[in-house]
Amino acid sequence: QVQLVESGGGLVQAGGSLRLSCAASGLTFRRYGMGWFRQAPGKEREFVAAISWTGGSTYYADSVKGRFTASRDNAKNTVYLQMNSLKPEDTAVYYCAADSRPYADTPHGDARVFGSWGRGTQVTVSS
């Protein structure tokens, strides 16, 4: 059974930084691309970032490009999201997800290709 557990969320002032982690188990982590999504109160879930199974390719939503960086450590079965220059509009619950396609070269922003999801971690950015 796949388990994804996010951590690292919290309260931060605008302009600050946070680093989210997502620890994976129950799957051969190094074979799968990973994604980050978020959902703010009253809004639909939206794509944030994705990283290929090798870590060599990344893909970002326009709203976070240049501020957020996805990375992974396949030896630790963990994917990260470094978030810099945070804005109040980044406030949301952040979820990590595992791509259901092994060895997919192209990181994907479509939530439908992600078959396993974590429970999320809250990020709150104060103005």
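Hydrogens, waters and symmetry mates are skipped; everything else that's a heavy atom, side chains included, is used. Index from 1, following the sequence.
Between the side chain of Thr78 and the backbone N or O of Ala23 there is no donor-acceptor pair closer than 3.5 Å. Between the side chain of Ser52 and the backbone N or O of Gly33, no donor-acceptor pair lies under 3.5 Å. Judged by distance alone, with hydrogens and angles left aside, the side-chain atoms of Arg67 form a donor-acceptor pair with the main-chain N or O of Ser85 at under 3.5 Å. In terms of modelled atom types and a separation under 3.5 Å, the side chain of Arg45 and the main chain of Ala111 share no donor-acceptor contact.
Between Ala49 and Leu81, the shortest heavy-atom distance links the atoms CB-CD1, 4.0 Å. Leu11 and Ser126 get closest at one heavy-atom pair: CD1-CB, 4.3 Å.
The side chain to side chain donor-acceptor pair (under 3.5 Å) test applied to Thr69 returns no partner, not counting sequence neighbours. The side chain to side chain donor-acceptor pair (under 3.5 Å) search around Asp73 returns none, not counting sequence neighbours.
For the pair Tyr94/Glu6, no side-chain contact is recorded, criterion being any heavy-atom separation below 4.5 Å from C-beta on. Within the 4.5 Å cutoff, the side chain of Trp36 has no heavy atoms near those of the Met83 side chain. The shortest side-chain heavy-atom distance between Leu86 and Gln13 does not fall under the 4.5 Å cut-off.
Note that CZ of Arg119 is 12.5 Å distant from SG of Cys96, once rounded to the nearest 0.5 Å. The distance from the OG1 atom of Thr54 to the CZ atom of Arg30 is 13.5 Å, given to the nearest 0.5 Å. Between Ser100 atom OG and Arg112 atom CZ the span is 11.5 Å, to the nearest 0.5 Å. The OG atom of Ser21 lies 13.5 Å from the CZ atom of Arg72; values are rounded to the nearest 0.5 Å. In this structure, Ser116 OG and Asp99 CG are separated by 10.0 Å, a value rounded to the nearest 0.5 Å.
Applying the 4.5 Å side-chain rule to ILVMFWY residues, one finds Tyr103 in the same cluster as Trp53.
Counting non-hydrogen atoms of neighbouring residues, nucleotides and ligands closer than 6.0 angstrom, the NZ atom of Lys65 exceeds 12 such neighbours.
In this structure, Met34 is a member of the same hydrophobic cluster as Val48, with clusters built from ILVMFWY side-chain heavy atoms closer than 4.5 Å. No single ILVMFWY cluster, assembled from side-chain heavy atoms under 4.5 Å apart, contains both Val93 and Val64. Note on Val5 and Leu18: separate hydrophobic clusters, where clusters join Ile, Leu, Val, Met, Phe, Trp and Tyr whose side-chain heavy atoms are under 4.5 Å apart, directly or indirectly.
Aromatic ring pairs are classed by plane angle as parallel below 30°, tilted from 30° to 60° and perpendicular above 60°; the pair Trp117 and Tyr95 is perpendicular.
No salt bridge links Lys87 with Asp90; every basic N to acidic carboxylate O contact stays at or beyond 4.0 Å. Between Arg38 and Glu46 there is a salt bridge, since at least one side-chain N of the basic residue sits less than 4.0 Å from a carboxylate O of the acidic one.
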